[in-house]
Amino acid sequence: MVTPLQSQVLLPERIAGLLGLSGTIGQIVGGLLGAFIIANLLLVQTAVAGPWAKRKITAAFTDRIAVNRVGPFGLVVIVADAVRLLSKELVIPEGVDRPAYDLGPLLVPFSALLGFAVIPMGNGIHLADPETGLVFAFAASSIASLGLVMMGYGSNNKYSLLGGLRAIASNIAYEIPLVVTAASVVVFTGTLQMSEIVAQQTQPLLSIAGVTIPQWFAIVNPFAFVLFVVANLAEVGRNPFDVPEAPTEIVAGFQTEYSSVYFVLIYLGEFIHIFLGGAIAATLFLGGPAGPFLPGFVWFTIKIWAFYLFTQWARSAIPRVRIDQFLDIGWKGMLVLSFANLALTAIIVGVIA
Amino acid sequence: MSLEEPTPDDGAVETLPTGADEIAELLGDLVIDTETHVNAPGFVIRPDTVQETLRRLRDEAGFDHLSCVTAEEREDRYESIYHLTSFDDRQREVSVIVPTTKDDPVSESAAPVFRTADWHEREAYDLVGIDYDDHPDLRRILLPETWQGHPLSQNYDQDRPQIVTLDEWENPLAEDHREDEGDTMYINIGPHHPATHGVLHVKTVLDGEQVADVDPDIGYLHRCEEQMCQTKTYRHQIMPYPDRWDYASSGLLNEWAYARAAEDLNDIEVPEYAQIIRTMGSELCRIASHMLAVGTFALDVYGDFTAIFMYAMRDREKTQNILEDLTGQRMMFNYFRLGGVVWDLPEPRDEFFETVRDFLDDLPQALEEYHDLITGNEILQSRTIDTGVLPPEVAKSYGATGPVARGSGIDYDLRRDDPYGYYDELEWDVITEDGCDNFSRLLVRLREVEESAKIIEQCADLLEDWPEDEREIQANVPRTLKPDDDTEIYRAVEAAKGELGIYIRGDGTDKPGRFKIRSPCFSNLQTLPEMSTGEYIPDMVASLGSLDIVLGEVDR
């Protein structure tokens, strides 16, 4: 058995141990504190990604400078923007369907945060490690679709309705290829447990001139990795698959009627979703928190930010596809390819193993 | 005037009637009187023979382009003037004048013959108050439905209070659709929408994601430009207004439209040197305008924050810097004067030419980049090819001009077909694309930038070598211009968006009696329902972007 990269002790237990608590109280306190820490780690990253990094990255792609007035590198603009957004008037349009209208924006960020519960982030930052970890991550992130429908339907706005319908269509069309592609990794690992998936990727694939290349599934099966990343783009709704929002077509889709704190919640949710997409990709294909020299958590952060950078790059450079083309790609392209990938992987694994 | 190419199998050389006598012969009894406009012979006809006259002129004399419809109220009558010309030979022109009585201003509609007459007659009804019989949809176009009175009519009371109600919009197709077969949804796109490029309101009916019906609702930016020009003197006061029609960087092109009409009306010869400066400045404006068009089109297709938009703005900025050196202004130039331009090139001249040449040297590389980024992109191609199709016959019937017409394979460019300025002395080509789709219109604009660059380069060479003592920037123009009473002229130039025409009727004073602007965007926008019915919403948005409308010019 290979030594696991991370300590098998999960975050809640460690916190309970540090606090000297045990039993049920230890589990509850440890669990709550652990969840609090992980949520804050992500919210901090989102705060950097949303008002600041997004602008800086887009500016770099479009030959501009972007925020640089407040604080070093303009970083204090994060605070300014947070205050500005939260202090705006919360406009509730006439005839909205409450409480669906109010619950939608809450569901989006919390579903994504829930998904992070099972992601091993390195250095023992891992809230829970159930045997069905991967399924839990997908299930949690899919709850967001429910939130999108609630927003689209509850807003009493036709653009919102169109956006909500598009969001559902895209979720159905791309969730299946996404999960089926992830299943091809499960065929290799034989388990859905996240820690085990990560652990198996630390095994050496081959050694060239003394450098050992680990068995990351992105290297073992690059085709599946590409499929997964593309489906993931659609799942998080970024270019070229940002049809549910499509600002130049349907204004802002499901979030047209949201302002102030609700807008912030949706905005947060989208970024956490991008990070969750990156985190699942990193865990399944890039060895999770594994990497040389630097601590695991740093590597994990680099990997999810790399995915974030990729989504922003796509946003600046790739045209949006039309809704019918979008569904064609999903149902006729991605679905077929992902099943072909799954079948081939199963055959190869069955023959070799 | 040149004549049509004879068809080889005809044997005898067949020519289309062009002279006043020939046209009079063709129209026969339909003509009740004749007039002479500065640009064309005019034929007065009875108000109930409009369709017959126009159909005969279109089918038998090749006048297939209804460029403009001017309506006005005179002392004793209402008048609609149909300015006809030909796509094949722009210099063949004829005016058809339809007078109606004051008591009963009803005239037959030309919309069944030329579809472009639909909107033009609606505008005439709205502003002047002429009723058009047999019109498919005669309602107000610029002003709200509830407006009382017609602002350009003589007895209009401008102090009368107006109440503009906000109606709940009804689905105009609701009646047509059986409820159990499928529902349509009415949706307002605009007046505040990211993709309408200004305050345009598109009343859209959707069937799922597809567009079942589109009705552009314009007038939100109506600023009475025509009426304002009528209250200003020819010599200096009108020139600042054209900058504000198509305000998205085509100022000099618009100024030229007024300058050309007013100069021809008053027999002013523009010195050659000034013509070259005008030509160069205008082409710089065209590049700026096309850059903006390409950038915003990319925005419509890519989504917000595309790199292409910023690149296009950057290149537009370069032309604006040069124009600022030349005119002292970045957008509202007010640089032309009747008889020339206001001042010579900036000193030191060498430095100015260097700036221009630097820009021209960098341009091919920049265009290469655009082609890499946009036209070479497969997703963009799949989005734009065969969407927003506008067949040439339809485009002609709607009076589409400029890149919209040339993207439908219509070889029509006033710079070549009705030469003015210095264009006929220079080497350049008219660009056409046969695709008739959004992609073709995009390509036409990108390729026209290259042609404009050629023109600018030749102009810069000419200006640089021009002998110092012959640099005449303005003709000797009287301080006050008073064209004779009842002299009428309709003149057009090739603006960035197409044929920008000006009709002026002199009334013996130093101010125009009637000033009419034929906006290319107005006619081009009319093709939107034709292009986008049955397509997806994203394609409708892309088609709107490919028309490159500026609402300031649509609404005037």
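Computed from a predicted model, the values in this text were never measured in an experiment. Chain A is the first sequence line, chain B the second, and so forth, proteins listed ahead of strands; every chain is numbered from 1.
- Judged by distance alone, the side chain of Asp97(A) and the main-chain N or O of Gly154(A) form no donor-acceptor pair under 3.5 Å.
- Note on Leu206(B), Ile189(B), Ile374(B): by heavy-atom pairs under 4.5 Å with chain A, the leading option is Ile189(B).
- The residues Arg320(A) and Glu249(A) are annotated as salt-bridged, a charged nitrogen and a carboxylate oxygen being separated by less than 4.0 angstrom.
- Residue Ile318(A) touches chain B through both its backbone and its side chain, counting heavy-atom pairs closer than 4.5 Å.
- The two residues Pro403(B) and Ala496(B) make their nearest non-hydrogen contact at CD-O, 3.5 Å.
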Exercise. Please test Thr256(A) against Ser155(A) for side chain to side chain contact (heavy atoms under 4.5 Å, CB included), starting from the C-alpha separation and ending with a verdict.
Key: CA-CA 8 Å; Thr256(A) 307; Ser155(A) 288; over 6 Å; no

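- Contact annotation for Thr387(B): only side-chain heavy atoms (C-beta onward) come within less than 4.5 Å of a heavy atom of chain A.
- Using a 4.5 Å cut-off between heavy atoms, Asn377(B) touches chain A through its side chain atoms alone.
- For Val301(B), the parts sitting under 4.5 Å from any heavy atom of chain A are the backbone and the side chain alike.
- The residue from Thr384(B), Asp437(B), Asp548(B), Leu380(B) that alone fulfils the side chain to side chain contact (heavy atoms under 4.5 Å, CB included) condition with Leu442(B) is Leu380(B).
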